[in-house]
Each structure stands twice: as C-alpha cells, then as structure tokens.
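Worksheet for the structure shown next.
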Amino acid sequence: MGAEGECEIQPAGVLSITPGGESGSKNDIRRRSSRHVLLTEDGVGIEAEHLAFRDGNGGSGGSCDTAIVVAHGFTGALDRPAVRRAAQEFAHFAGVITFSFRGHGGSGGRSTVGDREILDLDAAVRWAREIGYGRVVTVGFSMGGSVVVRHAAARGGVQERGGRTDAWVGARTDAVVAVSAPARWYYRGTAPMRRLHWIVTQPVGRAVSRYGLRTRIHPEKWNPVPLSPVESAPLIAPTPLLIVHGDRDAYFPLDHPLSLARAAGETAELWIERGFGHAENAAEPELLRRIAAWIVP
C-alpha cells in the first residue's frame, strides 16, 4: 500500500491511441480509470481499459503497485458483463487492466483462438509496466488461460525465431493465474469443444461466430503450431502459477488442470473448485475475491 491518498481515484478519461502518450505522472495515471487502444507487435489495435485500485475489500489491504491483467475467454470482450464483474472484484485489491483479444469486441484483427493472442496480452502487460506498476500478474480464463501460461513461459526474454509466437522479447509477469484453461490443443472430448471446433474450422461456423457471437475468426490453420499449455507449464518456474478449475467444467475435464499442475512442478498451486463450471461466466464473486487475495495477500 502506498502513502495515504496515493490511490485516490480520479475521473475516468480516454487516453491516446498509442502507448506512452498519457499525460501526467505515473502515479496520476494509476489513480484514474481510462480507456486506451494498444498496438501489438504485429500491428493490431487492441482496446483496453484501466481500472484504478479502490481499497474496498473490507479493510484487508490491497496494492497500489500491483496490476492484474485479465485475459478473457473465447467470444468474451472487456465490455462483456462477466469480464466487467471480474475486473470490478479485482479492483478492490489492485489496479486492473482488461482488454479485448483480437477479433473480439472493439479490437482489430481476427481471432487465432490462442496463438497470436499472446501478442495482445503482451501489449497489455507492457502498458501496465509503462504506467508505473511495479508488479504485474496475469489472470486468464479458458482460452485466456492458455495464453497467460504461454506468455509466462517466455519469461520476457526469448528471441523471435521461425515465426512462432512462443518466441519473442515480451514483457515479464510476476505471477500467473490460469482459470478453466486447457492443457492440450485440438481437444474434442466434450460436446461444447466439438461445437467450438466446428465454429472455428468451418466457413458456416465462422459466419455464425462473426454475426451471432460477435467474434471474427481467422480462417487459416496454425502454422507452425504453438507450444501447448502443458508444454509451456514447465518453463514458467520460478514464476508462481495458480491453476483454478471447476469439477463441473463442461469444456475441459479434470485431467487438464491435473496435467498442467504436474507439468509445472513445485511452483504451481492447484485449486479444484466444487460446483464451479467454466471460466469467467461461471466465476462467483467469492472465487474471484479468493483469487485476488492469492495475488495480493
């Protein structure tokens, strides 16, 4: 916690289109909520929002110096109610940055369903660092969970090679939370995942996604295939990793979080939540607050 008054919230505003254009000191910027458009390494415009920390979690503390970057699931966006609910809960513990992945919401580009989205997350983490947060933690749901795991595995210091999105000079994170994340690519073992694969791979499915789900999907297959979350998990240490999964998840059964935890090793913590379904849409405020308290103890 900073000095008294340091975290006082200022009026919201709309900031400049490119990072680094904010006016005022970094402390002033962190005290206000604002909208921003970020530019990824491959030139895609990503809508993002900063919520200032508000010390309202029952007097149990929080951190002005910590930012929680929220990565939503497939078909989500920063203005979707479930994402906004999570951001509001987290803002009682730390500053929060939400954004819409490419092809979602008001962001540009088309979704690659977890591949180049790692560059979108990196832009958001970089923004958190640029406005002065000393500690940045990523929280990803479902597809976003796979992205935060892969991003943390790069650890901010891997050089780009061969076109893989696992390999670039990225922004470092201090801890990672993966909620309802898959362990493996191309999983079709549940009915919801079979429907999702139809949406992603078929022209009619992509049209349904564009007009019905407001999500624009890139038609090309991955080439090359990025590292899977379970392949990435061993590379995260020593960065702390929290894996959260529900025993009623209709998309990914429990072998997914168990595989991730085994692969990550001793630096990972696993929560299997009784009665919890899938991702941000099923996350109750009590679970969100426990996740935030793990981030900012």
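Everything numeric here is computed off the predicted structure, so don't read it as measured data. Both backbone and side-chain heavy atoms feed into the values below; hydrogens, waters and symmetry mates do not.
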Could you work out, with ring pair (Phe, Tyr, Trp, His ring centres under 6.0 Å) as the rule, every residue matching W198, not counting sequence neighbours?
none
In H278, H245, H256, the residue satisfying ring pair (Phe, Tyr, Trp, His ring centres under 6.0 Å) with Y251 is H278
Quick check: is V70 connected to L51 through a chain of hydrophobic side chains (ILVMFWY, heavy atoms under 4.5 Å apart)?
yes
Over 60° means perpendicular and under 30° means parallel, so tell me whether F74 and H104 are parallel, tilted or perpendicular.
perpendicular
Could you tell me the separation between the CZ atom of F99 and the CG atom of L121, rounded to the nearest 0.5 Å?
5.0 Å
Side chains of I295 and F90, heavy atoms from C-beta outward: is any pair under 4.5 Å?
no
Report yes or no: does S180 contribute a side-chain atom to a donor-acceptor pair with the main-chain N or O of A279 at less than 3.5 Å?
yes
If Ile, Leu, Val, Met, Phe, Trp and Tyr residues are connected whenever their side-chain heavy atoms lie under 4.5 Å apart, and connections chain through other members, are I118 and I97 in the same group?
yes
What pairs with R135 under salt bridge (Lys or Arg N to Asp or Glu O under 4.0 Å), at least two apart in sequence or on another chain?
none
Between I68 and L78, is there shared hydrophobic-cluster membership here, with clusters defined by ILVMFWY side-chain heavy atoms closer than 4.5 Å?
no
Let me see the working for D115 and K221 under side chain to side chain contact (heavy atoms under 4.5 Å, CB included), right down to the final yes or no.
CA-CA 10 Å; D115 180 14; K221 295 180 179 180; over 6 Å; no
Would you indicate whether the side-chain heavy atoms of E117 and S146 approach each other to under 4.5 Å?
no
Over all atoms of both residues, closest heavy-atom pair of A94 and T66:
CB-O, 3.3 Å
Rounded to the nearest 0.5 Å, the CD1 atom of I199 sits from the OG atom of S209 at a distance of 6.0 Å
Would you give me the side-chain donor-acceptor pairs under 3.5 Å for residues 201-208, sequence neighbours excluded?
{"from": "T201", "atom 1": "OG1", "to": "H197", "atom 2": "O", "distance (Å)": "2.6"}
{"from": "R206", "atom 1": "NH1", "to": "V200", "atom 2": "O", "distance (Å)": "3.1"}
{"from": "R206", "atom 1": "NH1", "to": "T201", "atom 2": "O", "distance (Å)": "3.2"}

For residues 128-147, the ring-ring contact (aromatic ring centres under 6.0 Å, His included) pairs (sequence neighbours left out) are H50-Y133
For R80 and L213, work out which heavy atoms get closest and say how close.
NH2-O, 3.3 Å
Over 12 non-hydrogen atoms of neighbours within 6.0 angstrom of CZ in R214:
no
Look at the side chain of S107 and the backbone N and O of E47, then say whether any donor-acceptor pair between them is shorter than 3.5 Å.
yes
Using a 6.0 Å cut-off, check whether atom OH of Y186 has over 12 heavy atoms from anything other than its own residue.
yes
Measuring only between side-chain heavy atoms, which start at C-beta, is V149 closer than 4.5 Å to I236?
yes
Would you call the rings of W185 and W222 parallel, tilted or perpendicular, taking 30° and 60° as the class edges?
perpendicular
Just by distance, do the side chain of R210 and the backbone of R216 share a donor-acceptor pair under 3.5 Å?
no
Any side-chain heavy-atom pair from L119 and V44 closer than 4.5 angstrom?
no
Beyond-backbone contact of L270 with L258, side-chain heavy atoms, under 4.5 angstrom
yes
Report yes or no: does R35 contribute a side-chain atom to a donor-acceptor pair with the main-chain N or O of A48 at less than 3.5 Å?
no
Interatomic distance, CD@E89 vs CD@E286, rounded to 0.5 Å, equals 10.0 Å
CA sep, side-chain torsions, deciding dist, call: W127, V69, side chain to side chain contact (heavy atoms under 4.5 Å, CB included)
CA-CA 10 Å; W127 186 35; V69 179; over 6 Å; no
Rounded distance (nearest 0.5 Å) linking atom CG of D249 with atom CD of E273:
12.0 Å
Holding to ring pair (Phe, Tyr, Trp, His ring centres under 6.0 Å), I want the full list of residues that pass it with H218, two or more places apart in sequence or in another chain.
none
Report yes if some heavy atom in the side chain of R102 is under 4.5 Å from a heavy atom in the side chain of T40; otherwise report no.
yes
Contact summary for F252 and S142, nearest pair of heavy atoms:
CE1-OG, 4.1 Å
Applying the 4.5 Å side-chain criterion to the ILVMFWY set and letting contacts propagate, would L288 and V137 be lumped into a single cluster?
yes
Looking only at heavy atoms, which two atoms of D79 and R84 are closest? And how far apart?
OD1-NH1, 3.1 Å
Answer yes or no: is there a donor N or O on one side and an acceptor on the other, between the side chain of E280 and the main chain of H72, under 3.5 Å?
no
Side-chain touch D120/V147, heavy atoms, less than 4.5 angstrom:
no
Kindly give the heavy-atom pair with the smallest separation between V96 and A91, and that separation in Å.
CG2-N, 3.5 Å
Rounded to the nearest 0.5 Å, how far does CG of D174 lie from OG1 of T239?
7.5 Å
Got a second to check how far I243's CD1 is from R262's CZ, nearest 0.5 Å?
10.5 Å
Just to verify, what does E266 make a salt bridge (Lys or Arg N to Asp or Glu O under 4.0 Å) with, not counting sequence neighbours?
none
Indicate the atoms forming the closest heavy-atom contact of G275 with D247, along with that distance.
N-OD1, 2.7 Å
Is there a side chain to side chain contact (heavy atoms under 4.5 Å, CB included) between H92 and R54? Walk through the geometry before answering.
CA-CA 5 Å; H92 293 302; R54 58 198 68 168; 3.5 Å; yes
Under 4.0 Å between a side-chain nitrogen and a carboxylate oxygen: does that hold for R110 and D42?
no
Spell out, yes or no, whether V148 and L38 are grouped together once hydrophobic residues are joined by side-chain heavy atoms under 4.5 Å, including indirect joins.
yes
How about E269 and L241: do any of their side-chain heavy atoms sit closer than 4.5 Å?
no
